[in-house]
Amino acid sequence: MSHVDLLPVVKEFISKDHGNFIEGQEYISAGSSKIAAIDPAVGESICLVSSATAEEVDLAVERARKAFKGVWAETSPAQKGLLLNRLADLIELHGEELAQIESLCSGKSIHVSRAIEVGQSAAFLRYYAGWATKINGETISPSFPSMAGERYTAFTRREPVGVVAGIVPWNFSLMIGIWKIASALVTGCTVVIKPSEYTPLTLLRIAQLALEAGVPKGVINIVNGDGVVGQRLTSHPGISKVSLTGSVPTGKAVGKNAMDANLTRVTLELGGKNPAGLLEDVDVDMAVAGLILGAYTHQGQICASPERIFVHRSRIDEVIQKMVQGLQQMKIGSPLDEAVNFGPLANKAHYEKVLGFCEYARNQGNVIYGGKPIDRPGYFMEPTIVLAKDRHDRLLHEETFGPITCFLPFDDEEELIDLMNDSEFGLAASIWTNNLSKAFRLVPRIEAGTVWVNMHTFLDPAVPFGGVKGSGIGREFGSAFIDDYTELKSVVVRY
Ligand code: NDP
């Protein structure tokens with residue numbers, strides 16, 4: 001049996017109710033409503049978390065503002081980088097504890113929690129820490145005419161926008177929370193983070209670890225709650241920027257609120273309906289292995305997962321047959337069982353939504369594999385493959401955010417590009433071919449923020465990530481995030 005035993009520290013953490021984290025202090029207001037963190041593998045409550053009251057949201061923003069103007073402004077860039085590196089060290093030191101808590105409340109395989117939630121969080125923090133000392137403006141020679149022999153010079157400064165509201169989804173609550181914390185802190189901003197109501201636990205632990213690392217009180221604050229709390233936070237006049245990762249409808253609502261509140265800046269990392277195009281010369285074994293990894297890890301609940309798979313007609317039978325063989329080998333079970341690689345969906349509402357897509361596919365008679373709930377406690381369903389009835393099939397257009405891939409054959413590359421771009425989304429895409437010259441010619445024609453060639457769903461802190469079309473506004477990672485978290489001030493000097 002390879003079931004992981006919960007660490008004593010994890011048992012202790014979940015034995016208590018939790019609150020909000022404001023200026024280094026935990027707030028559990030007597031009058032606030034409670035949110036149950038549910039273990040999706042059994043559908044039972046793990047512990048309760050207090051939803052932030054309106055007063056607590058105001059307090060968190062006020063304390064974040066105080067830290068922004070005070071202690072964080074006085075912390076040197078080098079020291080900021082050092083603190084992020086220390087937090088990365090502590091995340092690794094407490095890695096197993098964080099991974100277990102995250103798997104418990106998100107249904108994520110313990111391997112994925114260890115490697116991505118913990119491992120990638122530390123890696124992203126270290127990458128961002130390096131930027132702390134490298135955020136600079138430029139020197140410019142203006143062309144003003146000189147009337148009396150005077151001269152001019154100009155330079156730009158990158159100044160932090162202020163307090164950032166970070167709104168985090170439930171699929172990678174720890175790592176996505178870290179993206180927002182790291183981008184904000186390294187540019188000199190402070191943050192108020194609202195985790196998803198479904199996965200509130202690990203970011204509370206991160207806030208404690210950040211204090212231990214030496215990040216001053218008030219720099220990182222966490223308020224819990226549902227969309228109403230998120231709305232209150234993102235429309236708060238003390239917020240200078242909103243960074244949301246979530247669905248398109250939430251992104252549109254948040255964008256409007258932020259604009260109305262104060263022309264508040266937004267970065268919106270939204271959903272996707274990501275295509276993979278397998279050309280005639282594809283290496284089928286490589287593509288199938290990559291697509292199974294990309295589409296079924298964390299039960300497909302990854303924004304960049306391939307959900308639409310277009311295969312050259314001459315290869316589609318072989319690809320589907322090998323996909324089915326791959327899925328048959330998946331071990332379904334508890335996320336805390338190290339032998340398992342496919343667990344439950346993360347919460348009941350989402351489970352029911354994804355099953356609705358399966359029911360639709362079953363009614364159309366085009367399920368090739370899976371498509372049914374699994375009869376056991378918790379929110380388990382079969383990994384699923386569907387053949388689209390035609391290019392208008394809703395499974396080729398609506399984001400399922402679950403373990404469902406939808407296949408359609410194509411005959412030539414013009415048709416492939418047309419199919420790949422036939423979507424309101426534009427987050428990510430992949431091309432699978434042995435002919436790199438062909439791939440390079442197709443890449444500029446694909447409407448997506450990221451195009452992978454012979455791979456899918458790999459994020460790296462050095463490579464910018466974000467969506468085009470309905471998939472969002474702005475970029476995270478690389479140097480691209482700096483534009484979004486700073487204001488550019490021009491200084492012109494006459495001498
Ligand atoms: P949601 O849009 O439902 O929620 C995202 C966050 O926004 C949650 O914290 C949610 O709170 C909060 N929220 C909901 N309504 C509002 C509001 N009116 N104002 C402010 N905040 C609000 O997304 P999910 O959590 O269901 O995550 C899945 C979605 O996220 C998918 O569409 C996926 O593609 C996308 N995603 C995009 C990524 C990217 O990088 N582009 C990466 C990961 C996911 P609560 O949950 O408590 O209701």
Side-chain angles (χ1 to χ4, degrees), residues 33 35-38 49 51-52 57 105-106 108 116-117 120 124 165-180 183 192-200 203 222-236 239 242-258 260-261 264 266-274 297-307 345-354 398-402 423-428 448-450 457 459 464-477 481:
S33 57
I35 304 166
I38 304 283
V49 173
S51 182
V57 172
C105 80
S106 70
K108 187 172 292 129
I116 299 184
E117 292 281 33
Q120 284 302 298
F124 272 90
I167 310 287
V168 180
W170 47 258
N171 68 326
F172 281 96
S173 53
L174 174 47
M175 179 181 69
I176 294 177
I178 286 291
W179 294 350
K180 302 194 185 307
S183 315
V192 181
I193 299 280
K194 192 204 83 66
S196 168
E197 64 191 296
Y198 297 108
T199 49
L203 283 173
I222 314 276
V223 293
N224 286 298
D226 58 11
V228 175
V229 173
Q231 187 170 347
R232 193 169 285 142
L233 177 62
T234 53
S235 15
H236 197 291
I239 292 294
V242 175
S243 175
L244 164 91
T245 301
S247 61
V248 173
T250 304
K252 286 183 177 165
V254 164
K256 282 182 198 147
N257 282 339
D260 283 348
T264 305
V266 288
T267 301
L268 303 173
E269 291 289 349
L270 308 179
K273 187 73 192 171
N274 311 295
T297 297
H298 193 24
Q299 295 73 260
Q301 301 163 125
I302 301 181
C303 56
S305 280
E307 291 199 2
L345 296 201
N347 60 70
K348 189 160 187 276
H350 186 58
Y351 173 64
E352 284 166 357
K353 182 178 149 203
V354 178
E398 295 175 36
E399 183 186 37
T400 64
F401 208 56
S423 173
E424 65 175 286
F425 300 101
L427 187 60
T450 296
T457 324
L459 302 187
F465 182 72
V468 302
K469 303 200 290 190
S471 289
I473 296 173
R475 291 289 178 275
E476 303 195 275
F477 321 156
F481 77 98

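The first residue of the sequence shown is numbered 1, and numbering continues consecutively from there. In each ligand, atom 1 is the first atom listed, and ligand 1 is the first ligand listed. Keep in mind that this is a model prediction, so the values were computed, not measured.
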Per-pair distances, 0.1 Å, donor-acceptor, side chain in residues 242-254, under 3.5 Å, sequence neighbours excluded:
| unit_1 | atom_1 | unit_2 | atom_2 | d |
| --- | --- | --- | --- | --- |
| S243 | OG | K180 | NZ | 3.0 |
| S243 | OG | Y485 | OH | 3.2 |
| T245 | OG1 | K180 | NZ | 2.8 |
| S247 | OG | T250 | OG1 | 3.1 |

Minimal non-hydrogen separation, P200 against V49, with atom names: CG-CG2, 3.7 Å

If you take the centroid of each ring, where Trp contributes its six-membered ring, are H298 and F172 closer together than 6.0 Å? yes

Closest approach of H350 and T400, non-hydrogen atoms and distance? CE1-O, 3.6 Å

Any heavy atom of A304 closer to ligand 1 than 4.0 angstrom? no

Non-hydrogen atoms of E307 and F401 that approach each other most closely: OE2-N, 2.8 Å

Heavy-atom pair of closest approach, residues S235 and A261: O-CB, 3.4 Å

Check each atom of ligand 1 against the heavy atoms of F465 and keep those under 4.0 Å away; list them by number with element. 40 (O)

Examine K194 against ligand 1 and note whether any of their N/O atoms are separated by less than 3.5 Å. yes

Output yes when a side-chain donor or acceptor of S305 lies under 3.5 Å from a complementary backbone atom of I302, and no otherwise. yes

Could you tell me whether E398 and K273 make a salt bridge, using a distance below 4.0 angstrom between a side-chain N and a carboxylate O? no

Would you kindly specify which portion of H350 sits under 4.0 Å from ligand 1, judged on non-hydrogen atoms: side chain, backbone, both or neither? neither

Which protein non-hydrogen atom lies closest to atom 24 (P) of ligand 1, naming both residue and atom, and how far is it? W170 NE1, 3.5 Å

Identify, for atom 3 (O) of ligand 1, the protein heavy atom at the shortest distance, and state residue, atom and that distance. T250 OG1, 3.9 Å

Taking only non-hydrogen atoms of F172, do any sit less than 4.0 angstrom from ligand 1? no

In the structure I gave you, are the side-chain heavy atoms of V192 and L233 within less than 4.5 Å of one another anywhere? yes

I302 to ligand 1, any heavy atom closer than 4.0 Å: no

Go through it in stages, so that I can follow the logic: the residues are F481 and W179, the test is ring-ring contact (aromatic ring centres under 6.0 Å, His included), and I'd like the CA-CA distance, side-chain angles, deciding distance and then a yes or no. CA-CA 10 Å; F481 77 98; W179 294 350; over 10 Å; no

Give the atoms of ligand 1, by number and element, whose distance to some non-hydrogen atom of L427 is under 4.0 Å. 41 (N)

Check: E117 side chain, M175 main-chain N or O, donor-acceptor pair, under 3.5 Å: yes

Minimum heavy-atom separation for Y198 and A349, please, with both atom names. OH-CB, 4.0 Å

Hey, does I176 come in under 3.5 Å of ligand 1, counting only N/O atoms on both sides? no

Any idea which protein heavy atom is nearest atom 12 (C) of ligand 1, and the distance to it? I167 CG2, 3.6 Å

State the atoms of ligand 1, each with its element, that fall below the 4.0 Å cut-off from a heavy-atom position in V254. 19 (N), 20 (C)

State the atoms of ligand 1, each with its element, that fall below the 4.0 Å cut-off from a heavy-atom position in G230. 19 (N), 20 (C), 21 (N)

Identity and distance of the protein heavy atom lying nearest atom 28 (C) of ligand 1: F401 CE2, 3.5 Å

What are the two closest non-hydrogen atoms of S106 and T199, and how far apart are they? CB-CG2, 4.0 Å

Where does N171 meet ligand 1, judged by heavy-atom distances below 4.0 Å: at the side chain, the backbone, both, or neither? side chain

Please list, in number order, the atoms of ligand 1 under 4.0 Å from a heavy atom of D226. 47 (O)

I need the full list of salt bridge (Lys or Arg N to Asp or Glu O under 4.0 Å) pairs touching residues 464-475, with sequence neighbours left out, sorted by first then second residue. E447-K469

Ligand 1 versus N257: contacting region, heavy-atom distance under 4.0 Å: neither

V248 N/O under 3.5 Å from ligand 1 N/O: no

Can you name the atoms of ligand 1, numbered from 1 with element, that are less than 4.0 Å from a heavy atom of G225? 47 (O)

Identify, for atom 45 (P) of ligand 1, the protein heavy atom at the shortest distance, and state residue, atom and that distance. E197 OE2, 3.3 Å

Looking at ligand 1, does any of its N/O atoms fall within less than 3.5 Å of an N/O of S196? yes

Test item: K194 and V57 side chains (from C-beta on) under 4.5 Å apart, heavy atoms: no

Given that the side chain starts at C-beta and the backbone is N, CA, C, O, which of these parts of T245 lies under 4.0 Å from ligand 1, counting heavy atoms, or is it both or neither? both

Assess L244 for proximity to ligand 1: is some non-hydrogen atom of it under 4.0 Å away? yes

Nearest non-hydrogen protein atom to atom 8 (C) of ligand 1, with distance, is V168 O, 3.5 Å

For atom 23 (O) of ligand 1, what's the nearest protein heavy-atom neighbour? Residue, atom name and distance, please. S247 N, 3.5 Å

C303 heavy atoms within 4.0 Å reach ligand 1 at atoms 34 (O), 36 (N), 37 (C), 38 (C), 39 (C), 40 (O), 41 (N), 42 (C), 43 (C), 44 (C)

Minimum-distance protein heavy atom relative to atom 17 (C) of ligand 1: G227 O, 3.5 Å

For the backbone of P169 and the side chain of S196, can you confirm whether one donor and one acceptor N or O come within less than 3.5 Å of each other? no

